[in-house]
Amino acid sequence: MAVGSIISRLFQGRRAQPMQEKYAPAEIERSAQLHWDTTGAARAVEDAGKPKYYCLSMFPYPSGKLHMGHVRNYTIGDVLSRFHAMQGYNVLQPMGWDAFGMPAENAALANNVPPAAWTYSNIDYMRAQLKSLGFAIDWEREFATCTPAYYRWEQWLFTRLYEKGLVYKKLGSVNWDPVDNTVLANEQVIDGRGWRSGALIEKREIPMYYMKITAYAEELLSELDNLPGWPEQVRLMQKNWIGKSTGVRFAFPLADGGDDKLWVFTTRADTVMGVTFVAVAAEHPLATRAALNNRELADFIETCKQGGVAEADIATMEKKGMATGIYVTHPLTGEAIEVWVGNYVLMSYGDGAVMGVPAHDERDFAFALKYRLPIRQVIAVAGEPAFSDETWADWYADKQRGRLIHSGKYDGLGCEAAVDAIAADLTARHLGEKKTQFRLRDWGISRQRYWGCPIPIIHCPTCGDVPVPDEQLPVVLPESVEITGAGSPLAKMPEFYECQCPRCGGDARRETDTMDTFFESSWYFLRYACPDNTAAMVDERVAYWCSGGIDQYIGGIEHAILHLLYSRFFTKLMRDVGLIGDLGEPFANLLTQGMVVAPTFYRDLEGEENRGKKQWINPADVDVVTDERGRPTGATLKADGLPVIIGGSEKMSKSKNNGVDPQALIDRYGADTARLFIMFAAPPDQSLEWSDAGVEGAYRFLRRLWKTTYDHVQAGLVATQAVPDSLSSAQADLRRKLHQTIGKVSDDYGRRKQFNTAIAAVMELLNAYDKSPLDDAAGRALAQETLESIALLLFPIVPHCAQALYAALKPGLDAGRQPFPKVDPAALKQDEIELMVQVNGKLRGAIRVAAEAERASIEAAALACDGAVKFMEGKPLKKLVVVPGRLVNIVV
RNA sequence: GCCCCGGUGGCGGAAUCGGUAGACGCAGCGGAUUCAAAAUCCGCCGCCGAAAGGUGUGCCAGUUCGAGUCUGGCCCGGGGCACCA
């Protein structure tokens with residue numbers, strides 16, 4: 001006898017007890033989870049005989065405990081996994097830990113716990129929480145990215161890419177805290193100051209390793225068109241991020257002779273004749289050269305380095321500049337053009353220099369007004385008011401209607417023709433050419449932090465940078481370490497960095513920077529296919545689970561650009577290194593879930609030193625006061641009964657003290673209620689408003705469903721199928737509703753991935769069931785059919801409860817192993833349908849007609865109905881619109 | 001600042017292809033049951049109006065027989081901006 005069969009008999013024996021009258025979630029959930037564990041229900045085994053369904057949720061950072069966003073994310077994944085398993089797919093739903101990252105170092109600073117110990121204990125706690133939610137996860141594939149068994153393979157890949165030139169070293173800007181002598185993350189820079197020291201932050205250039213993602217820019221862009229399963233908005237965001245633009249890269253020769261040239265890129269070469277200045281970044285070689293004997297300019301360049309490196313800060317700061325005294329020659333007119341240093345020009349974009357055309361670029365216009373630089377109009381649009389060099393008008397940048405003026409031989413040309421003509425002339429003078437440029441920059445992966453994957457490079461005074469040879473991998477991160485918040489801990493550990501050069505054997509120094517933690521999350525989804533392989537990064541099982549892409553990926557919208565782009569990049573890199581075949585895109589279907597938000601409450605703190613500061617109060621400690629219609633009129637603190645201020649809904653966070661701990665919810669109501677409410681409260685891609693009252697409603701529904709099923713079971717199970725012909729008209733209505741609901745729920749789970757409407761449909765069905773006469777034999781059979789179907793329809797969302805309900809209705813059977821209910825087309829037949837009647841687009845009545853009624857008879861019935869007669873007021877008929885199955889619109 | 005998304009009753013939301021706006025749930029109100037309460041069950045529930053009816057999907061225009069849905073402009077809220085993950 002097969003093991004599965006023995007277990008199922010044991011299960012049957014254990015389940016033979018009578019159904020409990022009351023819904024008891026704790027007991028039901030314990031028993032169902034034990035059953036799934038012992039039967040290996042969630043184990044995923046490669047099986048060429050079944051279509052595979054790889055359902056992946058973004059793995060969590062082990063921050064301590066689960067938050068509502070996790071519950072939401074993993075419930076969506078579990079619903080899709082369980083639904084597809086019932087549809088006959090071979091499902092893989094894995095889970096792991098994105099375990100490297102800054103919070104572990106912050107915790108070490110705050111609580112004096114080593115990052116490794118903190119991380120592993122968080123993982124243990126969160127794993128237990130995930131298990132208590134009953135997710136059908138194959139736990140045998142679990143891994144944490146902070147273990148050498150995982151990160152050794154990214155070190156290995158790094159050395160391969162280094163040898164291929166896909167990893168290289170160059171200078172990059174970081175936030176430097178001059179007091180703590182350390183590099184800060186963007187989030188650690190608050191209003192231009194270090195979060196701990198309060199020191200003014202400055203930009204500093206340090207050597208870093210870069211991944212050549214720009215070499216894949218074209219492919220990453222064009223492949224977006226092959227992702228019909230992605231939300232349009234995410235594809236658009238990625239497209240804009242990659243930012244392909246065609247333009248002209250050209251040079252201004254330096255006026256003081258020599259062969260030196262200043263290169264710029266522009267998408268508006270039609271305006272080159274309007275250039276009145278050129279601006280370079282503070283780090284540009286020309287700026288450095290000019291500052292050598294210009295004290296004032298040197299000081300200005302220093303001030304440009306104040307503040308952080310985040311693009312949002314740079315884009316919103318005041319635009320400032322200073323002349324360098326250096327002149328370049330206009331490549332077409334020969335005119336002398338002054339070079340300025342601008343704090344808004346970034347060295348990391350293109351050539352670190354931009355041409356200034358104040359008449360036709362809004363930013364240049366403001367800059368020229370501020371520094372009284374010449375403004376030369378070279379584009380005019382017929383019909384627009386005269387050009388003014390006092391105030392900006394959007395038509396100055398109009399590409400479609402503009403014609404060139406004051407541009408010599410180019411006068412009269414449109415934008416496109418002018419770009420072509422000017423590019424051709426620049427090319428003829430060997431001073432430029434048409435070029436495609438990307439906004440996307442190479443990915444800097446060096447981090448001056450401890451809790452990350454060590455970069456496997458050895459710096460040798462004679463051999464230079466040498467990748468760590470395979471036999472010396474992994475470079476293990478020491479787990480016993482002191483975190484001080486000042487400087488990189490690894491750089492203070494000679495036992496880590498002192499080493500021998502693998503090439504010459506001489507004394508050398510190991511790289512002490514670690515990798516960006518996006519590195520781990522860029523390939524973890526491939527490793528789930530073969531987590532036990534100790535001899536290779538990936539193996540042939542990737543081809544089984546990942547061919548055609550991962551079938552469903554689910555995660556927060558906040559990852560729409562970086563994580564998803566890096567993962568797409570890695571899949572192509574690993575293909576080109578020969579590790580995997582051509583999988584195409586890694587994620588065939590993407591669902592981006594919205595955030596979980598909750599109301600906020602606060603009191604203003606008293607005292608001069610606390611001016612403007614707020615004391616945030618947890619929603620659990622507040623009573624909301626409402627008027628007789630339920631409108632909130634105020635709120636009071638439970639502890640003292642005095643008022644607090646209502647602050648509106650915001651993303652659950654520690655800083656606003658508005659987090660709701662899912663554990664309290666699970667402890668009180670059970671996992672199924674938590675899952676049901678979180679899926680019912682909002683569509684998955686929209687933000688979700690937390691509400692305790694709504695949870696109560698979800699719990700009430702499960703209790704009611706339980707009681708309804710219990711009553712039916714008490715009255716005796718029915719083995720026979722409902723016979724359509726023997727049903728009364730009211731019973732036929734219920735059966736139609738049942739099969740409409742089956743169709744609706746299947747479509748919601750499968751195509752629409754919208755679960756709130758699926759739950760609402762089942763609630764409607766249960767309401768209809770309660771109102772239907774089901775006491776005769778035909779009704780009893782229909783009741784059995786309906787309740788069995790409801791248990792299976794809800795199984796993906798509330799699997800513990802549905803498992804128990806189904807077992808009570810079909811003793812010995814396992815809900816999760818049943819096929820998903822199918823629509824019986826015979827049940828959907830309807831003889832008569834209702835059509836709405838409008839007069840001039842306004843609803844005025846309704847008519848009932850035969851389902852197959854001819855247009856002529858529908859028209860006659862509509863014109864004859866009371867509402868139509870009344871509102872037509874005898875006016876002549878102008879037009880008659882009949883929308884089949886919907887409505888009739890009478891236009892008079 | 002730039003890119004993307006959203007805005008519908010007291011609240012969360014539904015309306016899937018331009019065709020009955022407010023399904024389903026929460027809150028509220030009225031009733032039944034109960035010694036009482038909890039739980040449960042029944043009914044009402046956008047706004048104005050006695051009713052007839054009018055009006056209503058952030059605001060202003062437009063397209064259409066018909067607009068929550070499409071177009072243009074604006075206001076407000078949220079996500080991302082390359083070292084939070």
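Every chain is numbered from 1 and lettered A, B, ... according to where its sequence line falls, protein lines coming before strand lines. What you see is a predicted model, and the numbers here were worked out from it, not measured in a lab.
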With no hydrogens and no angle check, is any side-chain donor or acceptor of [X] less than 3.5 Å from a backbone partner on [Y]?
X        : Y        : answer
A:Asp313 : A:Gly308 : no
A:Lys753 : A:Arg751 : no
A:Trp706 : A:Gln20  : yes

So, is [X] near the phosphate of [N], with a side-chain N or O under 4.0 Å from OP1 or OP2?
X        : N     : value
A:Asn186 : B:A82 : yes
A:Lys842 : B:U20 : no
A:Gln754 : B:A14 : yes
A:Thr517 : B:A85 : yes
A:Asn889 : B:G19 : no
A:Arg700 : B:C41 : no

query: Which whole-number value in Å describes the distance from A:Trp230 CH2 to B:C5 C1'?
result: 17 Å
- prompt: Starting at OH of A:Tyr710 and ending at C1' of B:A39, how long is that distance when rounded to a whole Å?
  reply: 17 Å
Residues [X], [Y]: salt bridge by 4.0 Å N-O rule:
X        : Y        : result
A:Asp866 : A:Lys870 : no
A:Glu318 : A:Lys370 : yes
A:Glu311 : A:Arg439 : yes
A:Arg704 : A:Asp770 : yes

[X] side chain, from C-beta outward: closest of [options]:
X        : options             : value
A:Asp98  : B:G19, B:G13, B:A85 : B:A85
A:Thr316 : B:G1, B:A82, B:G80  : B:G1
A:Arg703 : B:G1, B:C84, B:A39  : B:A39
A:Glu311 : B:A14, B:C81, B:C24 : B:C81
A:Phe680 : B:G1, B:G79, B:C24  : B:C24
A:Arg439 : B:A82, B:G13, B:C24 : B:A82
A:Pro103 : B:G13, B:A85, B:U20 : B:A85
A:Asn767 : B:C24, B:C4, B:A82  : B:C24
A:Leu887 : B:U20, B:A14, B:G12 : B:U20
A:Asn756 : B:G19, B:A85, B:G13 : B:G13

[atom1] spacing across the pair [N] / [M], given as an integer number of angstrom:
N     : M     : atom1 : value
B:G18 : B:G13 : C1'   : 22 Å
B:A23 : B:G31 : P     : 24 Å
B:G78 : B:G10 : C1'   : 23 Å
B:C47 : B:C42 : C1'   : 27 Å
B:A14 : B:G9  : P     : 13 Å
B:G25 : B:G73 : P     : 41 Å
B:G56 : B:A38 : P     : 42 Å
B:A67 : B:U33 : C1'   : 48 Å

- request: Could you pick out which residue, A:Ala315 or A:Ala760, lies toward the 5' side of RNA chain B when each is mapped onto its nearest nucleotide?
  value: A:Ala315
field: Pairwise 5' ranking along RNA chain B for A:Phe100 and A:Lys771, keeping only the more 5' one
entry: A:Lys771
Tell me what [X] touches on the nucleic acid: a base, only sugar-phosphate, or nothing, going by heavy atoms under 4.0 Å.
X        : answer
A:Lys707 : nothing
A:Glu834 : nothing
A:Gln838 : base
A:Arg886 : sugar-phosphate
A:Val762 : nothing
A:Leu880 : nothing
A:Arg844 : sugar-phosphate
A:Phe518 : base
A:Val189 : nothing
A:Ala310 : sugar-phosphate
A:Glu764 : sugar-phosphate
A:Met595 : sugar-phosphate
A:Lys870 : sugar-phosphate
A:Glu558 : base

[Y] versus [X], side-chain donor and acceptor atoms under 3.5 Å:
X        : Y        : result
A:Asp516 : A:Trp443 : yes
A:Asp180 : A:Ser197 : no
A:Glu696 : A:Tyr669 : yes

field: B:C44: syn or anti, per glycosidic angle within 90° of 0
entry: anti
task: Mind telling me if B:G13 is syn or anti? Syn here is a glycosidic angle within 90° of 0.
output: anti
task: Only counting residues at least two apart or in another chain, list the ones meeting side chain to side chain donor-acceptor pair (under 3.5 Å) with A:Tyr151.
output: none
- prompt: Under 6.0 Å from the CZ atom of A:Arg848, do we count more than 12 heavy atoms belonging to anything else shown?
  reply: yes
field: Secondary-structure stems for RNA chain B, with pairs counted as Watson-Crick or G-U when both distances are under 3.5 Å and runs at least 3 long
entry: B:1-7 with B:75-81, B:10-12 with B:24-26, B:28-32 with B:40-44, B:46-48 with B:53-55, B:58-62 with B:70-74
